[in-house]
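Heads up: the structure comes next, in structure tokens.
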Amino acid sequence: MRGKYVNVIVDIAHEKVDRPFQYRIPPSLQGSIEEGMAVTIPFGKGNKEIAGYVVEVTDRAEYAEDKLKEITGIRTGDMPVEADSIRLAGWMKRQYGSTMINALKTVLPVRQKKKQVEKRTVSLVLEEDAAKKQLALYEKKHQTARARMLAELIAQKELPYELITGKLHITAATIRTLCEAGICTVHSEVLYRNPVKLEHRETERKKLSDRQREIVECIAEDLKQEKPGVHLIHGITGSGKTEVYLTLIEQVIAGGKQAIVLIPEIALTYQTLIRFFNRFPGRVSVMNSRLSDGEKYDQFERAKAGEIDVMIGPRSALFTPFTRLGLIVIDEEHENSYKSESMPKYHARETAIQIAAFQGAGVVLGSATPSIESYYRAKNGAYRLYEMTERLTGGFLPKTYIVDLRQELKEGNRSIFSRKLSLLLEDRLSRGEQSILFLNRRGYAGFISCRSCGHVMKCPHCDVSLSEHRGGRLVCHYCGFEQPVVKRCPVCGSKYILGFRAGTEQIEEQVKKIYPRARVLRMDADTTRGREGYENILSAFANKEADILIGTQMIVKGHDFPDVTLVGILAADLSLAAGDYRAAERTFELLTQAAGRAGRGEKPGEVVIQTYQPEHYSVQYAAEHDYKGFYEEEILFREMMQYPPAAHMLAVQIMAVSEEAGEAMAKKFAEALKQKQELRVIGPAPASIGKVNDIYRFVIYIKHKDYEKLVEVKDFLEEFLNRMENRKETAYFDFDPVNPY
Ligand code: ADP
Ligand code: ZN
Ligand code: ZN
């Protein structure tokens, strides 16, 4: 017996009840309640029966015995929360600021037990001779059903249960009779829903290159330690990172352990999966947003039962309940999708490192363009860094041209295509080679720039782009600075200062007008409804059913089209003006990825980068394929402005039903925080989407070198809110946000 009382978290996602409530364990349940169980409890004045999770079993009563209510019972339909998950949820709540129940829901992606599918098989136990004698006996007695079943069993030795009751029209009673007579047996096994329907193919094992082997040996050595560390592999696309992951996982499995591989959902393609399935046949499962709850449940059950060794998937695969976790791999670790956009707003990288620390596992991060955060930590020795600089399959880095769009305008070209790009496009069309036109629209939020000189209207305090709002105002989304829209460029006086409005559709129209015979495919949110659409377009292009593929960032993520020899990047600066401090990083990333699409096969590739800011360092370094150069320059900016990773940043979002109340609350917060020393408080400012569903949103940013200080700020503000009577406003927290508010 472990205790008489339990502390229970109730299943209501509201911060007012986000603390454990204590209950008594009734005598009938003494000894059978454990931490992590789902229970039913009477709650509130009306003693309504609700669900809750046991977070602690204890002997210490916090209230008088007779004040405590008793729990009603154990909920058998819910999966118990493992103690590890509670610990992890506790960490997430503290680290990211959310309710305990939301944290629990995150670490337990499937909470309801799903009915399992069973497969029953009937097999013959008698020797063939004896069985034949028995068959003759049944026939003599005209026991036709028994005879029919036995004859079939003699022929097949084993039959699916459903086939006997179905196709052979034999009742369950008859099957039972034969079993009782010792003629056959029924055995059943749980049949997991398996979302992966791939044929295993033997593939030739590649001999690792010297560099790959060095890296594998180094990491494998570290994985033997009690507390393995974090390893960052910076390797250009095609340098053999995936092969390194596969080899490491092989060794992890050989050591009796298991591995989780995170891949952004958009890059979770057939080609990637097949490499893992062929290497570990039958031992791999996959998580993704298209699986049904039943399928997800089964994948987690298979993992818990030790029936698989590798789980691949986006963010949520992190919470796979392996009992012997040895390694977590995060591919494309720079991807924004690793940051959750709902509460708790956790980052999969940080959370993976925490999970690995709890379980004594190692972490491997990989990217062609590591996040500035990870590279910074690697340079400071917190992670170990490995560089892979050569493509293993040959092929050359493409030749890159930067085209100055200001010059094009000056010389009378107002088309979306520069003269250089038009020339190369025509050349490819005449040679029957494929081209990609990439419209960089990421983070595009109504910024204003000058077509003559490239000047972008920026906040004088935050050095990020101002966004155009209705009513002719330009607003900074960090500090709230605003000014009227300008009619003339403050730098060169040109009147061509305006927002950029071209979309993929307009580009498609233009292409069709100029090259009427070109076969064109367009990929954007409109043409890719559902996953199918997306893959259909990609495979059509891979099958050379089109000459030109037009699209947004969706087309530049890790797809291999060997016949593409030209990539045109239209308006590279759009992502530069995204209005947040990571704009340059994302631009560099996207340009590098887009450029990487050209010349993957035998023929060399060319890339045209069209931009109004040809001198910008992100454009320059991307054209030179120089990540380190970019990093060195970018980190200076981060340090000067105290943006992450030089410091940490907490976004506090305030929601209110009226604009006045929201603004008042935001100001109160900001003032309270400005009293505290060492904090850099920015704002409050109205959020970029200032009102959603009639809820007004304001935002405050707080910067500090020390993450813990920001956790204290969060705790302080939560206290502050909880002390207020009858408030209608709420606040949400986002640590080191990846998108501006
Ligand atoms: P990355 O993950 O860095 O893009 P991959 O591991 O996918 O790199 O490797 C790129 C290509 O090179 C793949 O086609 C892969 O099969 C091949 N490759 C990887 N390692 C080797 C090797 N040691 N020898 C030959 N080919 C290799
Ligand atoms: Zn200008
Ligand atoms: Zn500002």
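In listed order, ligands and their atoms are each counted from 1. The first residue of the sequence shown is numbered 1, and numbering continues consecutively from there.
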Go through ligand 1 atom by atom and flag the ones less than 4.0 Å from a non-hydrogen atom of [X].
X	value
Ser239	3 (O), 8 (O)
Ile236	3 (O)
Lys207	22 (C), 23 (N), 24 (N)

Going by atom types alone, do [X] and [Y] pair a side-chain donor with an acceptor below 3.5 Å?
X	Y	result
Arg582	Asn739	no
Glu390	Ser239	no
Gln407	Glu411	yes
Tyr383	His231	no

With the Zn ion (ligand 3) at the center, what angle do SG from Cys479 and SG from Cys476 span, rounded to 10 degrees?
110°
Polar contacts were defined as any N/O atom of the residue lying under 3.5 Å from an N/O atom of the ligand; does this apply to [X] and ligand 1?
X	answer
Leu392	no
Gly235	no
Thr242	yes

When you look for heavy atoms under 4.0 Å from ligand 1, do you find them on the side chain of Lys206, its backbone, both, or neither?
side chain
Distance flag, aromatic centroids of Tyr375 and Tyr627, threshold under 6.0 Å:
yes
Counting the benzene-type ring for Trp, do Tyr617 and Phe630 have ring centres under 6.0 Å apart?
yes
To the nearest 10°, how many degrees is the angle Cys453 SG to the Zn ion (ligand 2) to Cys489 SG?
110°
To check your reading of the site, what angle at the Zn ion (ligand 2) do SG of Cys492 and SG of Cys450 form, to 10°?
100°
Got Ile682 and Met649 here, is their nearest side-chain heavy-atom distance under 4.5 Å?
no
Check if Ser209 has a non-hydrogen atom at a distance under 4.0 Å from any atom of ligand 1.
yes
Can Arg275 be said to touch ligand 1, with heavy atoms closer than 4.0 Å?
yes
Give a yes or no on whether a salt bridge exists between Asp580 and Arg586, defined as a side-chain N under 4.0 angstrom from a carboxylate O.
yes
